[in-house]
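First up is the structure itself, then whatever we jot down about it.
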Amino acid sequence: MGCCTGRCTLIFLCTLQLLAALERQIFDFLGYQWAPILGNFLHIIIVILGLFGTIQYRPKYIVVYSVWTALWVAWNVFIICFYLEVGGLSKDTDFMTFNISMHRSWWREHGPGCVRMEVPAPATRSLDDHSYISVTGCIVEFQYLEVIHSSYQILLALIGFVYACYVISVFTEEEDSFDFIGGLDSYTYHHHSPLKASPVQLKPVYL
């Protein structure tokens with residue numbers, strides 16, 4: 001019963017992680033955030049691997065998933081620090097785009113209540129520069145929306161890590177018990193074989 005409950009919970013958590021990663025991937029594509037896009041892509045692959053391992057009773061796949069969840073937590077902690085500008089980090093740098101473009105988070109201009117206005121720029125500058133785009137009326141600033149997304153990812157990853165460790169331990173115990181029973185049956189077969197019938201010697205009877 002415990003194994004079934006653990007497996008079903010882990011399958012449910014992996015499904016939630018897939019949906020959350022796909023939603024995040026869409027908005028990162030819209031904002032040309034190449035570093036998060038790469039991370040989301042790897043995350044989706046590993047979560048699918050963990051989901052397959054849980055359904056097919058493959059503990060090695062779940063081990064890979066559990067290790068990745070620890071790395072995924074670390075990555076999302078870094079994103080939170082990046083957008084909150086902790087430890088000398090700055091959200092205005094081009095790190096998330098690998099310095100390929102000057103795009104920022106999609107939520108910067110399209111958050112709840114945000115009104116985006118383009119301001120005429122000098123002929124020597126491009127309208128793609130965000131310094132010439134005015135955004136007002138945002139109910140929630142974009143960096144806090146990114147922090148909320150990363151916090152949700154961390155929550156799912158931590159719960160998934162706990163259940164993954166539990167399911168791995170249950171699968172390992174079941175494999176050990178099957179090996180023990182198989183070895184015991186083999187021992188019984190070889191050491192407790194049926195007794196051979198002893199030969200009967202017939203002797204003549206003299207009257």
Side-chain angles (χ1 to χ4, degrees), residues 12-51 65-164:
F12 176 71
L13 285 170
C14 287
T15 304
L16 281 182
Q17 284 183 297
L18 278 178
L19 294 176
L22 290 172
E23 179 265 343
R24 191 178 190 180
Q25 186 77 311
I26 291 172
F27 292 111
D28 285 337
F29 263 117
L30 292 174
Y32 302 97
Q33 304 295 290
W34 302 115
I37 287 171
L38 179 60
N40 294 334
F41 179 73
L42 293 175
H43 182 59
I44 291 171
I45 292 177
I46 300 298
V47 171
I48 292 175
L49 187 66
L51 184 62
Y65 164 80
S66 61
V67 172
W68 171 256
T69 55
L71 298 175
W72 186 243
V73 168
W75 168 247
N76 281 278
V77 169
F78 170 78
I79 291 179
I80 291 175
C81 293
F82 177 81
Y83 281 106
L84 293 181
E85 299 185 332
V86 177
L89 298 172
S90 175
K91 63 180 181 295
D92 294 324
T93 60
D94 298 328
F95 174 81
M96 292 298 177
T97 60
F98 292 140
N99 295 321
I100 297 175
S101 66
M102 299 183 67
H103 289 88
R104 299 292 184 265
S105 170
W106 184 82
W107 297 105
R108 183 169 186 167
E109 301 171 12
H110 304 87
C114 292
V115 178
R116 180 177 182 272
M117 295 180 60
E118 294 185 358
V119 180
T124 57
R125 302 297 297 271
S126 171
L127 281 176
D128 291 335
D129 192 339
H130 283 265
S131 61
Y132 291 92
I133 294 177
S134 173
V135 179
T136 58
C138 295
I139 299 175
V140 181
E141 295 294 331
F142 76 96
Q143 63 266 30
Y144 300 119
L145 291 173
E146 293 287 355
V147 168
I148 291 172
H149 274 84
S150 293
S151 300
Y152 182 62
Q153 294 286 340
I154 291 174
L155 177 63
L156 290 179
L158 289 176
I159 300 175
F161 178 81
V162 172
Y163 274 95

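In this chain, numbering begins with 1 at the start of the sequence shown.
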Minimum-distance pair of heavy atoms, taken over all atoms of His43 and Ala21: CD2-CB, 3.7 Å
Might you point out which heavy atoms bring Leu156 and Ala20 nearest each other, and give the distance in Å? CD1-CB, 4.2 Å
Given Asp94 and His103, is the side chain to side chain contact (heavy atoms under 4.5 Å, CB included) satisfied, shown in steps? CA-CA 8 Å; Asp94 298 328; His103 289 88; over 6 Å; no
Partner set under ring pair (Phe, Tyr, Trp, His ring centres under 6.0 Å) for Trp34, not counting sequence neighbours: none
Counting only heavy atoms not in Phe78 (residues, nucleotides, ligands), do more than 12 fall under 6.0 Å from its CZ? yes
Where Gly50 and Cys14 come nearest, the two heavy atoms and their spacing: C-SG, 4.4 Å
Find out whether Met96 and Ile79 are in side-chain contact, i.e. whether some heavy atom of one side chain is under 4.5 Å from a heavy atom of the other. yes
Minimum heavy-atom distance Glu85-Ser90, with the two atoms named: OE2-OG, 3.7 Å
Could you give the distance from CZ (Phe12) to CG (Leu51), rounded to the nearest 0.5 Å? 12.5 Å
Got Ile48 and Ile44 here, is their nearest side-chain heavy-atom distance under 4.5 Å? yes
Quick one: does Tyr32's side chain get under 4.5 Å of Ile37's, heavy atoms only? no
Decide yes or no for Arg104 and Lys91: does some side-chain heavy atom of the first lie under 4.5 Å from some side-chain heavy atom of the second? no
Parallel, tilted or perpendicular: which describes the rings of His110 and Trp106, with under 30° parallel and over 60° perpendicular? parallel
Looking only at non-hydrogen atoms, find the nearest pair between Pro36 and Asp28 and report the distance. CB-OD2, 3.3 Å
How would you list, by chain and number, every residue that makes a salt bridge (charged side-chain N to carboxylate O under 4.0 Å, His left out) with Glu23, sequence neighbours excluded? none
Between Trp107 and His149, is a side chain to side chain contact (heavy atoms under 4.5 Å, CB included) present by the stated rule, with each step listed? CA-CA 11 Å; Trp107 297 105; His149 274 84; 3.9 Å; yes
Candidate pair Phe82 and Glu146, rule side chain to side chain contact (heavy atoms under 4.5 Å, CB included), full reasoning: CA-CA 10 Å; Phe82 177 81; Glu146 293 287 355; over 6 Å; no
Validation row: Ser151, Val147 side chains within 4.5 angstrom (heavy atoms): yes
Evaluate the ring planes of Phe142 and Tyr83, with Trp represented by its six-membered ring, and classify them as parallel (under 30°), tilted (30 to 60°) or perpendicular (over 60°). perpendicular
Do you know which two heavy atoms are closest between Val73 and Ala157, and how far apart they sit? CG2-CB, 3.7 Å
Gln143/Ser105 under side chain to side chain contact (heavy atoms under 4.5 Å, CB included): CA gap, chis, key distance, verdict: CA-CA 8 Å; Gln143 63 266 30; Ser105 170; over 6 Å; no
When rounded to the nearest 0.5 angstrom, what is the spacing between OH in Tyr65 and CH2 in Trp72? 11.5 Å
Contact list for residues 89-119, test disulfide bond (SG atoms under 2.5 Å apart), sequence neighbours left out: Cys114-Cys138
